[in-house]
Amino acid sequence: MDTATTIAWITRAAELVRADESRLTALDAAIGDGDHGANLARGLAAAVTAMGEKEPESPGKALIAAGRGLVAKTGGASGPLYGTGFRRAGKELGDGGDVGQVGAALEAMLRGIEELGGATQGDKTIIDALAPAVVAFQEAAGNGSDLHAAAEAAADAADAGLAATVPLQARKGRASYLGPRSVGHEDPGAASTALILRALADVTAP
Amino acid sequence: MDTATTIAWITRAAELVRADESRLTALDAAIGDGDHGANLARGLAAAVTAMGEKEPESPGKALIAAGRGLVAKTGGASGPLYGTGFRRAGKELGDGGDVGQVGAALEAMLRGIEELGGATQGDKTIIDALAPAVVAFQEAAGNGSDLHAAAEAAADAADAGLAATVPLQARKGRASYLGPRSVGHEDPGAASTALILRALADVTAP
Amino acid sequence: MKKLINSPDAVIPDALRGVAAAHPSLHVDLENRVISRAQRTPGKVGVVSGGGSGHEPLHGGYVGFGMLDAAAPGEVYTSPVPDQILAATQAADAGAGVLHIVKNYTGDVLNFRMAAELAEDEDIQVVSVVTDDDVAVEDSTFTAGRRGVGGTIVAEKVAGAAAEDGADLETVARLATEVNERSRSFAIALHAGTVPAAGKPGFNLAENEVEIGVGIHGEPGRERGEFAPVKELVGYALDAIHADRPISGDVLVIMNGQGGTPLIELYGAFAEAVDWLDGHGATVARNLVGNYITSLDQAGFSITVTSLTDELVRYWDAPVSTPALRWGV
Amino acid sequence: MKKLINSPDAVIPDALRGVAAAHPSLHVDLENRVISRAQRTPGKVGVVSGGGSGHEPLHGGYVGFGMLDAAAPGEVYTSPVPDQILAATQAADAGAGVLHIVKNYTGDVLNFRMAAELAEDEDIQVVSVVTDDDVAVEDSTFTAGRRGVGGTIVAEKVAGAAAEDGADLETVARLATEVNERSRSFAIALHAGTVPAAGKPGFNLAENEVEIGVGIHGEPGRERGEFAPVKELVGYALDAIHADRPISGDVLVIMNGQGGTPLIELYGAFAEAVDWLDGHGATVARNLVGNYITSLDQAGFSITVTSLTDELVRYWDAPVSTPALRWGV
Ligand SMILES: Nc1ncnc2c1ncn2[C@@H]1O[C@H](COP(=O)(O)OP(=O)(O)O)[C@@H](O)[C@H]1O
Ligand SMILES: Nc1ncnc2c1ncn2[C@@H]1O[C@H](COP(=O)(O)OP(=O)(O)O)[C@@H](O)[C@H]1O
Ligand SMILES: [Mg+2]
Ligand SMILES: [Mg+2]
Ligand SMILES: [Mg+2]
Ligand SMILES: [Mg+2]
């Protein structure tokens with residue numbers, strides 16, 4: 001994973017989120033406060049800008065800049081969570097490297113979000129898409145997949161994780177106020193995580 | 001016209017207005033502020049109560065009491081206007097009398113409302129129903145009609161006067177704010193005047 | 001339309017009970033429906049206003065030190081009755097006469113006129129000043145005349161301050177008249193308020209319509225116009241005011257909400273007003289931004305511009321302590 | 001849904017321009033989106049709050065003498081970002097440390113936490129107090145915890161008064177914590193507010209439905225209930241509060257409007273609250289009736305009950321001069 005690919009990833013994620021902004025907002029309106037699409041579109045646009053401000057020296061620096069952009073502009077719960085996640089991933093990724101190192105970076109992202117938000121799998125959050133994605137990515141990498149194949153596996157697992165949030169009752173974030181009424185809906189944060197991983201698969205396609 | 005008939009008149013007017021309260025309110029909603037039905041229903045109920053409080057000694061006293069009740073409880077433009085009108089009519093009517101004296105009382109009512117409100121015929125107000133009614137009543141009385149026939153003539157003239165308010169542009173009261181947009185609607189005050197005169201016809205029926 | 005009420009009949013008495021419980025410095029006469037100061041200042045000119053309810057905080061919220069002595073709230077959008085205004089006048093009378101500040105609506109004018117006659121029978125000297133600052137209505141012999149709206153607040157504040165200062169009835173009335181002459185207002189509604197007894201909005205606007213020149217009872221003013229950004233709506237209102245009485249020098253601006261408009265929007269509207277006024281060489285020397293004369297839950301704004309003099313500024317700045325306006329004490 | 005705005009993106013900057021123009025005693029940093037006092041008192045503990053916009057006058061309307069030093073308004077219903085909160089913290093810092101009063105929402109808590117870390121890097125001592133007074137949400141390990149709502153206003157007033165009085169950071173934080181522990185709130189909505197960017201109401205209620213336990217962002221609370229007279233709705237809210245923390249003795253009551261409810265209705269609701277409290281042997285020693293923490297143009301009320309101590313009364317009564325609360329000066 002080189003710097004150009006890293007920048008392309010975040011740029012693609014920003015595109016996908018912008019394209020699906022109203023879907024994310026609708027999901028958040030159903031069980032939250034209806035701003036997730038706008039928040040993350042604003043945040044990822046800022047991430048792209050942050051990466052562009054001074055040519056990042058490494059993939060890691062690119063992700064750290066993206067994380068700072070996200071923290072600075074997203075607001076809401078998702079801003080600090082994604083921002084911290086990307087910064088942690090950037091620190092782990094450093095000068096970049098092979099598919100194994102990208103897997104480690106994704107895991108660092110997961111841990112960062114878990115630590116800050118205190119959510120675990122099953123709470124109906126970002127974690128429910130990200131955790132299975134990290135497992136799938138690392139499994140694929142362990143089985144000798146290349147970056148694209150591992151990213152595809154991760155994106156598919158995130159989609160499945162997203163689908164699995166539907167029957168869950170939220171225990172973290174705004175949706176938790178709904179109690180049982182949060183059941184029956186996709187979690188907006190899990191949905192945006194699935195887009196972010198799909199973006200990685202897209203930009204690593206041969 | 002004796003005291004009992006006078007009391008019956010106001011009581012019947014209160015009934016008619018209560019029964020048509022929502023129509024009056026709808027007329028006022030179209031070109032005013034939508035409270036004429038409620039105002040006058042409240043005011044005439046108070047008029048009836050006021051007459052009941054101490055047995056009026058004369059038809060005139062009954063109307064004066066009714067006028068006081070109207071002024072005290074109606075509010076809006078119509079309260080002082082009708083209240084003053086009935087008080088003036090009461091002063092004129094005094095110990096009652098024949099159809100001629102009732103005609104003079106109705107004319108006093110008209111003059112009182114004209115003086116207080118400053119409206120003349122054609123301004124799209126109470127006057128547009130009351131003025132032709134007074135003319136018709138006095139004409140009928142002059143031609144030898146009895147009280148009931150004169151009241152019928154007055155009520156019919158008031159109805160015609162009401163209908164004639166439709167094409168008028170209001171120049172007094174709240175409807176005047178509408179300018180040309182006040183055209184095409186019956187005036188609520190003219191409508192209630194028609195009911196008040198119809199009540200007189202009703203209670204004087206043989 | 002759901003309302004936070006017990007029943008349409010109970011709106012005024014329930015609210016008056018609430019006012020009584022909330023404001024120990026006020027006396028509420030539930031029987032006569034009068035809100036007055038708990039204490040009277042002997043020898044001070046009394047200042048009384050009143051009108052239909054539904055415009056809160058007007059007028060009851062302006063009773064207190066430095067402003068009104070008493071207010072007579074009528075039924076919703078219906079003027080109070082003479083006996084009630086008389087009771088307010090009696091509560092305000094401290095031997096130096098009473099000023100009636102009356103918004104120009106036929107009902108208010110007639111009921112206050114009858115009350116003034118009753119008060120004179122009781123040897124209370126009454127002078128009435130009728131406010132008519134709404135430029136949306138052509139002032140002509142073909143209408144009931146301009147409506148009294150936001151400028152009334154300024155008249156009440158200035159007259160109240162002068163009365164507190166010991167001015168005599170003639171002076172207090174002169175100041176209220178002067179404020180009215182120097183004040184102009186214009187309102188635009190985005191959607192109608194709902195009178196509890198009616199149970200549905202007073203008028204219907206399409207998704208792209210606004211009511212331009214609306215009155216405080218939802219009465220129409222000039223025309224149905226097209227919905228536009230706030231900059232344009234505020235510009236329309238200020239153009240209308242400016243055309244009627246050119247705006248210049250130091251002005252007081254009230255950017256008023258009609259009851260159903262979020263405060264954050266009113267601040268945005270105020271920013272546009274300041275820009276417009278800057279561009280026309282006027283200076284916003286004093287301002288209020290918020291809900292000061294409302295139409296129940298109607299959405300929209302009204303803007304009042306009062307051209308200031310040093311004397312008016314002094315009275316505006318004088319201490320006031322009422323539920324809705326409070327400074328200097 | 002029509003809004004008095006230029007565009008959804010411009011709502012916050014436009015409103016901030018308006019705040020700057022309306023209140024010369026405040027300084028508005030348009031770049032960082034921070035509202036702070038124009039003057040700083042050296043050696044005083046700084047008190048900062050912030051959160052999503054749309055709840056005005058909260059928090060910017062509470063900046064001024066005796067209350068907040070700075071506020072950080074986020075996008076509508078979206079928490080502010082760390083850099084912005086840092087800028088507010090820097091504006092409030094006068095060398096004695098800064099208290100962050102944070103309403104308990106994941107976004108607010110996380111962004112304020114990151115801001116506190118950034119502030120510490122700049123050698124500003126920060127203590128955070130998280131308010132969570134909304135009894136509609138079960139406080140459990142199964143939710144993000146109770147939401148911070150009306151009690152936050154009381155915490156800001158009391159902490160601000162103590163800071164003005166020269167109390168140290170620990171004491172100011174202790175008082176804010178105590179207020180939070182002694183405060184409980186509950187809200188019921190009649191119809192939803194509209195976020196400008198969304199352009200339509202946040203939820204839909206039938207003609208006979210109310211949202212019981214609604215949050216300040218229109219989040220649902222307990223259930224959809226049946227529309228009822230205000231006496232019953234207020235009783236439901238007070239029963240819920242009482243079940244959570246029995247109400248007795250002297251209390252402060254805030255009868256708060258959600259932005260789209262006429263003031264006259266809030267006074268009626270307050271009358272019912274006073275009746276209920278009388279019936280339960282509690283005394284309404286202090287009160288506010290009006291729009292103090294809103295949800296744009298949402299219709300409904302919230303009620304906050306704070307159980308008072310002599311110390312809290314003293315700080316509540318202390319002079320305050322902000323756009324939205326003003327007394328004693
Ligand atoms: N504690 C948490 N841990 C992980 N993710 C969380 C947590 N709280 C909320 N989220 C995620 O954040 C999403 C909502 O983000 P967003 O709408 O931008 O913020 P807000 O809830 O402040 O409006 C939720 O759908 C959920 O996936
Ligand atoms: N100056 C006036 N002279 C005679 N009648 C008037 C005058 N002004 C208004 N009215 C009558 O009063 C009616 C409205 O009464 P009402 O609705 O009770 O009072 P308000 O207009 O104060 O709400 C009008 O329809 C009109 O007939
Ligand atoms: Mg959200
Ligand atoms: Mg009417
Ligand atoms: Mg009326
Ligand atoms: Mg949010």
Side-chain angles (χ1 to χ4, degrees), chain C residues 1-7 10-12 14-22 53-54 56-57 61 76 190-191 193 205 207-208 210 227 229-231 233 255 259-272 274 284 287-289 291 294 296-297 299-301 321 323 326-329, chain D residues 1-7 10-12 14-22 53-54 56-57 61 76 190-191 193 205 207-208 210 227 229-231 233 255 259-272 274 284 287-289 291 294 296-297 299-301 321 323 326-329:
Chain C
M1 194 71 170
K2 286 159 281 183
K3 292 258 139 193
L4 203 58
I5 61 175
N6 286 314
S7 78
V11 171
I12 312 299
D14 284 350
L16 287 176
R17 285 193 297 129
V19 169
S53 291
E56 290 67 28
V76 172
L190 271 53
H191 64 76
L205 290 172
E207 230 350 87
N208 66 338
V210 296
F227 177 56
V230 63
K231 186 185 183 67
L233 298 179
M255 178 53 73
T261 289
L263 188 53
I264 193 170
E265 296 181 22
L266 294 178
Y267 274 109
F270 181 66
E272 299 303 343
V274 172
V284 182
N287 74 83
L288 292 178
V289 181
N291 288 288
T294 60
L296 297 165
D297 43 8
F301 71 100
S321 178
R326 187 160 178 168
W327 57 69
V329 275
Chain D
M1 193 70 171
K2 286 159 280 182
K3 293 258 140 193
L4 204 57
I5 62 174
N6 286 314
S7 77
V11 171
I12 312 299
D14 284 350
L16 288 176
R17 283 193 298 128
V19 170
S53 292
E56 290 67 28
V76 172
L190 271 53
H191 64 77
L205 291 173
E207 232 348 87
N208 65 339
V210 295
F227 177 55
V230 64
K231 187 185 183 66
L233 298 179
M255 178 53 73
T261 288
L263 188 54
I264 194 171
E265 297 182 21
L266 293 178
Y267 274 109
F270 181 66
E272 298 304 342
V274 172
V284 182
N287 73 83
L288 293 177
V289 180
N291 288 289
T294 60
L296 297 164
D297 43 9
F301 72 99
S321 178
R326 186 159 179 171
W327 56 71
V329 274

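Below, chains carry the letters A, B, ... as their sequence lines are ordered, and counting in each starts from 1.
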Check your understanding: What part of D:A269 lies closer than 4.5 angstrom to a heavy atom of chain C: side chain, backbone, both or neither?
Key -> side chain
Point to revise | Option that, when pairs with chain D are counted at under 4.5 Å, heavy atom only, ranks first among C:A21, C:A22, C:G259, C:A299 | key: C:A22
Exercise for review: Check whether any side-chain heavy atom of D:E272 lies under 4.5 Å from a side-chain heavy atom of C:D14, and answer yes or no.
Suggested key: yes
Revision key, fill the gap. When the 4.5 angstrom heavy-atom criterion is applied to D:M255 and chain C, the contacting part is neither
Check your understanding: Are the side chain of D:N6 and the backbone of C:K231 linked by a donor-acceptor contact shorter than 3.5 Å?
Key -> yes
Point to revise | D:I12 side chain near C:I264 side chain, heavy-atom distance below 4.5 Å | key: yes
Review point. Which atom pair, heavy atoms only, marks the closest approach of D:K3 to C:F227?
Key: O-CZ, 3.2 Å
Revision key, fill the gap. Okay, D:V19 and chain C: the region with an atom under 4.5 Å from a heavy atom over there is both
Check your understanding: Is chain D contacted by the side chain of C:L205, its backbone, both, or neither, given a heavy-atom distance below 4.5 Å?
Key -> both
Point to revise | Proximal component of D:P57, with respect to chain C [non-hydrogen, under 4.5 Å] | key: both
Exercise for review: Answer with side chain, backbone, both or neither: which region of D:L233 has an atom nearer than 4.5 Å to a non-hydrogen atom of chain C?
Suggested key: side chain
Check your understanding: Which region of C:D297, side chain (C-beta onward) or backbone (N, CA, C, O), has a non-hydrogen atom less than 4.5 Å from a non-hydrogen atom of chain D, or is it both or neither?
Key -> both
Exercise for review: Quick one: which of D:V284, D:L263, D:V289 has the most heavy-atom pairs under 4.5 Å with chain C, could you say?
Suggested key: D:L263
